[in-house]
K.L.:
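This is the structure I have questions about; it appears just below.
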Amino acid sequence: MLNMQIKLAGNATFTDSNGNTSPTSYSSTNSNLPVPLPVLGARAAWAVTPNIIIEPEVQWLKIHYDAYDGDWGDLRVAGKWMFSRNFGVGLGYDYFKVNVGVDKSDFSGNVHLGYQGLQAMIVGSY
């Protein structure tokens with residue numbers, strides 16, 4: 001589930017039928033949109049030793065619906081050291097991106113967001 005929030009803001013100028021222009025004041029609008037994201041994904045775990053585990057993971061979604069076109073992706077790899085049966089620590093790297101485009105007669109725009117970086121984690125298992 002991805003809870004996206006969008007804020008559109010700007011200034012506008014209106015021209016009437018006589019050619020007179022009138023600027024408007026700054027206006028903005030906010031909208032929240034919780035979106036379920038059914039992604040295709042794969043995940044694996046490789047026990048290098050009984051206490052060291054490597055876990056690669058990939059998730060991906062591409063959709064084109066009406067005036068909306070976009071893709072969502074997440075690539076991750078992590079290494080974990082289980083210092084006891086139920087607890088461990090780990091390091092990982094994650095690359096995440098979202099691209100969404102809208103092409104309507106009254107609005108066109110694109111959103112590109114993402115992040116990438118190292119992760120540190122505490123692991124609990126049962």
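Side chains included, hydrogens not; waters and symmetry mates left out as well; all remaining heavy atoms used.
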K.L.:
Taking atom types as modelled and ignoring hydrogens, do the side chains of Arg76 and Gln59 form a donor-acceptor contact shorter than 3.5 angstrom?
P.N.:
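No - no donor-acceptor pair under 3.5 Å links their side chains.
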
K.L.:
Go through it in stages, so that I can follow the logic: the residues are Met82 and Val123, the test is side-chain contact (heavy atoms from CB on, under 4.5 Å), and I'd like the CA-CA distance, side-chain angles, deciding distance and then a yes or no.
P.N.:
CA-CA 8 Å; Met82 300 301 290; Val123 182; 3.9 Å; yes

K.L.:
If I take atom CG from residue Leu113 and atom NZ from residue Lys97, how far apart are they, to the nearest 0.5 angstrom?
P.N.:
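Reported value, rounded in 0.5 Å steps: 10.5 Å.
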
K.L.:
Looking at side-chain heavy atoms only, is the closest gap between Arg85 and Ser125 below 4.5 Å?
P.N.:
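No, their side chains stay 4.5 Å or more apart.
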
K.L.:
Do the non-hydrogen side-chain atoms of Lys62 and Asp69 ever get within less than 4.5 Å of each other?
P.N.:
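Yes, their side chains come closer than 4.5 Å.
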
K.L.:
Going from NZ on Lys80 to CD on Glu55, what distance comes out if it is rounded to the nearest 0.5 angstrom?
P.N.:
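Reported value, rounded in 0.5 Å steps: 3.5 Å.
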
K.L.:
Hey, quick one: are Leu61 and Tyr95 part of the same hydrophobic cluster, counting side-chain heavy atoms closer than 4.5 Å, chains of contacts allowed?
P.N.:
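No, Leu61 does not connect to Tyr95 through the hydrophobic network.
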
K.L.:
So, do Ile54 and Val48 sit near enough that their side-chain heavy atoms are less than 4.5 Å apart?
P.N.:
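Heavy-atom side-chain distance check passes, below 4.5 Å.
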
K.L.:
Taking everything shown except Phe83 itself, do over 12 heavy atoms lie less than 6.0 Å from its CZ?
P.N.:
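More than 12 within 6.0 Å, yes.
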
K.L.:
Same cluster or not: are Leu91 and Val77 linked, directly or through other Ile, Leu, Val, Met, Phe, Trp or Tyr residues, by side-chain heavy atoms under 4.5 angstrom apart?
P.N.:
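No, no single cluster joins them.
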
K.L.:
Below 4.5 Å, heavy atoms only, C-beta onward: do Asn51 and Trp81 meet side chain to side chain?
P.N.:
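Asn51 reaches Trp81 side chain to side chain.
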
K.L.:
Can you measure from CG (Leu75) to CG (Asp94) and round to the nearest 0.5 angstrom?
P.N.:
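Taking CG in Leu75 and CG in Asp94, the distance rounds to 8.0 Å.
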
K.L.:
Is any side-chain heavy atom of Trp72 less than 4.5 Å from a side-chain heavy atom of Phe96?
P.N.:
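Side-chain contact under 4.5 Å: yes.
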
K.L.:
More than 12 heavy atoms of other residues, nucleotides or ligands under 6.0 Å from OH of Tyr93: yes or no?
P.N.:
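It does: Tyr93 OH has more than 12 such atoms within range.
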
K.L.:
Are Val100 and Leu40 connected, step by step, through hydrophobic side chains (Ile, Leu, Val, Met, Phe, Trp, Tyr) whose heavy atoms are closer than 4.5 Å?
P.N.:
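No, Val100 does not connect to Leu40 through the hydrophobic network.
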
K.L.:
In Å, rounded to the nearest 0.5 Å, how long is the span from CD1 of Ile53 to CH2 of Trp46?
P.N.:
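Answer for the CD1-CH2 pair, Ile53 versus Trp46, is 12.0 Å.
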
